[in-house]
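Worksheet: the structure to be examined is printed underneath.
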Amino acid sequence: MRIGIYGGSFNPIHKAHVRLAKALLREAALDEVWLMVSPQNPLKSQADLLDDGQRLRLARVALQNERRLVACDYEFRLPRPSYTFDTMEALSADYPQHQFTLLIGGDNWERFPQWYRHDELLQRYPIVIYPREDSPIDEAALPPNVRLVHTPLINISSTDIRRRIREGRSIARLVPRAVADIILQEGLYR
């Protein structure tokens, strides 16, 4: 199977994450997209970052009716901090029957030369870039195994969702209903 790895903190997962993952399935001709919930980086202080397990649970709830989209906790078992290269290598070793493609936003592509072992990532894995606002990509300058797909720009951010929750404003249009219900019932992000 061709599997796309779409990493992030998903703090919380929202409708744009789900729509983007579905668009990436089509545009990159993938069999599945694994939304890789990244563990908290011990080197960063993120007071508003929910516990790993809670973020994973919200992601699983958001994707429960989405065929071919999987909320994944694979990085939780890897040494920290987790580097994308190490994750891709471990996945390839554990699942040799699959071909893994790295899915990253245009903003991350701009910083890609700073990533740990980025040259080896480029050599070993196909990379699909999706557009991000204010991060133009020159398609003609992309290496051979890197391509830009034309997915919609959806203006929803987890930061805005957390702010809305703290302010007591509605998040109903921004996150899947089941996710909103859990956040509100359990008082998350307050």
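Just so it is clear, the values below take in all heavy atoms, side chains as well, and ignore hydrogens, waters and symmetry mates.
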[X] side-chain N/O to [Y] backbone N/O, donor-acceptor pair under 3.5 Å:
X      : Y      : result
Tyr189 : Arg164 : no
Asn145 : Tyr125 : yes
Ser158 : Pro12  : yes
Arg147 : Ile129 : no
Arg68  : Asp31  : yes
Arg2   : Ala28  : yes

Between [atom1] on residue [X] and [atom2] on residue [Y], distance to nearest 0.5 Å:
X      : Y      : atom1 : atom2 : result
Asn108 : Leu103 : CG    : CG    : 11.5 Å
His98  : Leu91  : NE2   : CG    : 9.5 Å
Ser38  : Phe10  : OG    : CZ    : 7.0 Å
Ile127 : Ile104 : CD1   : CD1   : 5.5 Å
Phe100 : Tyr95  : CZ    : OH    : 7.5 Å
Ile154 : Leu174 : CD1   : CG    : 12.0 Å

Less than 4.0 angstrom from a charged side-chain N to a carboxylate O is my criterion; do [X] and [Y] meet it?
X     : Y      : value
Glu89 : Arg117 : no
Asp94 : Arg77  : no
Asp48 : Arg162 : yes
Arg60 : Glu66  : no
Asp51 : Arg55  : no

Is the shortest heavy-atom distance from the side chain of [X] to the side chain of [Y] under 4.5 Å?
X      : Y      : answer
Pro131 : Thr151 : yes
Thr101 : Ile5   : no
Leu63  : Leu35  : yes
Ile165 : Arg190 : yes
Met88  : Leu121 : yes
Val146 : Trp109 : yes
Leu69  : Trp34  : no
Leu50  : Leu58  : yes

For [X], I'd like to know if atom [atom1] has over 12 heavy atoms of other residues, nucleotides or ligands within 6.0 Å.
X      : atom1 : result
Lys15  : NZ    : yes
Gln64  : CD    : yes
Asp138 : CG    : yes

Stepwise side chain to side chain contact (heavy atoms under 4.5 Å, CB included) test for Val70 and Val33: CA-CA 6 Å; Val70 178; Val33 170; over 6 Å; no

At their closest point, which heavy atom of [X] faces which heavy atom of [Y], and how far apart are they?
X      : Y      : value
Pro39  : Glu75  : CD-OE1, 3.5 Å
Pro176 : Ile13  : CD-O, 4.5 Å
Val61  : Ala178 : CG1-CB, 3.3 Å
Ser135 : Gly106 : CB-C, 3.7 Å

Derivation of the side chain to side chain contact (heavy atoms under 4.5 Å, CB included) call for Ser9 and Leu49: CA-CA 8 Å; Ser9 61; Leu49 182 65; 4.1 Å; yes

Within one Ile-Leu-Val-Met-Phe-Trp-Tyr cluster: Ile161 and Leu184, side-chain cutoff 4.5 Å: no

Connected via hydrophobic side-chain network under 4.5 Å: Leu153 and Ile156: no

Parallel, tilted or perpendicular: ring planes of His14 versus His17, cut at 30 and 60 degrees: parallel

Parallel, tilted or perpendicular, as decided by the 30° and 60° cut-offs, for the rings of Tyr130 and Tyr6: perpendicular

Stepwise salt bridge (charged side-chain N to carboxylate O under 4.0 Å, His left out) test for Asp52 and Arg80: CA-CA 13 Å; Asp52 297 346; Arg80 297 182 189 191; 3.1 Å; yes

Audit row: Val37, Asp73, side chain to side chain contact (heavy atoms under 4.5 Å, CB included) steps and yes/no: CA-CA 6 Å; Val37 179; Asp73 65 353; over 6 Å; no

Step-by-step side chain to side chain contact (heavy atoms under 4.5 Å, CB included) determination, Glu167 to Arg163: CA-CA 6 Å; Glu167 294 172 357; Arg163 183 179 47 76; 3.4 Å; yes

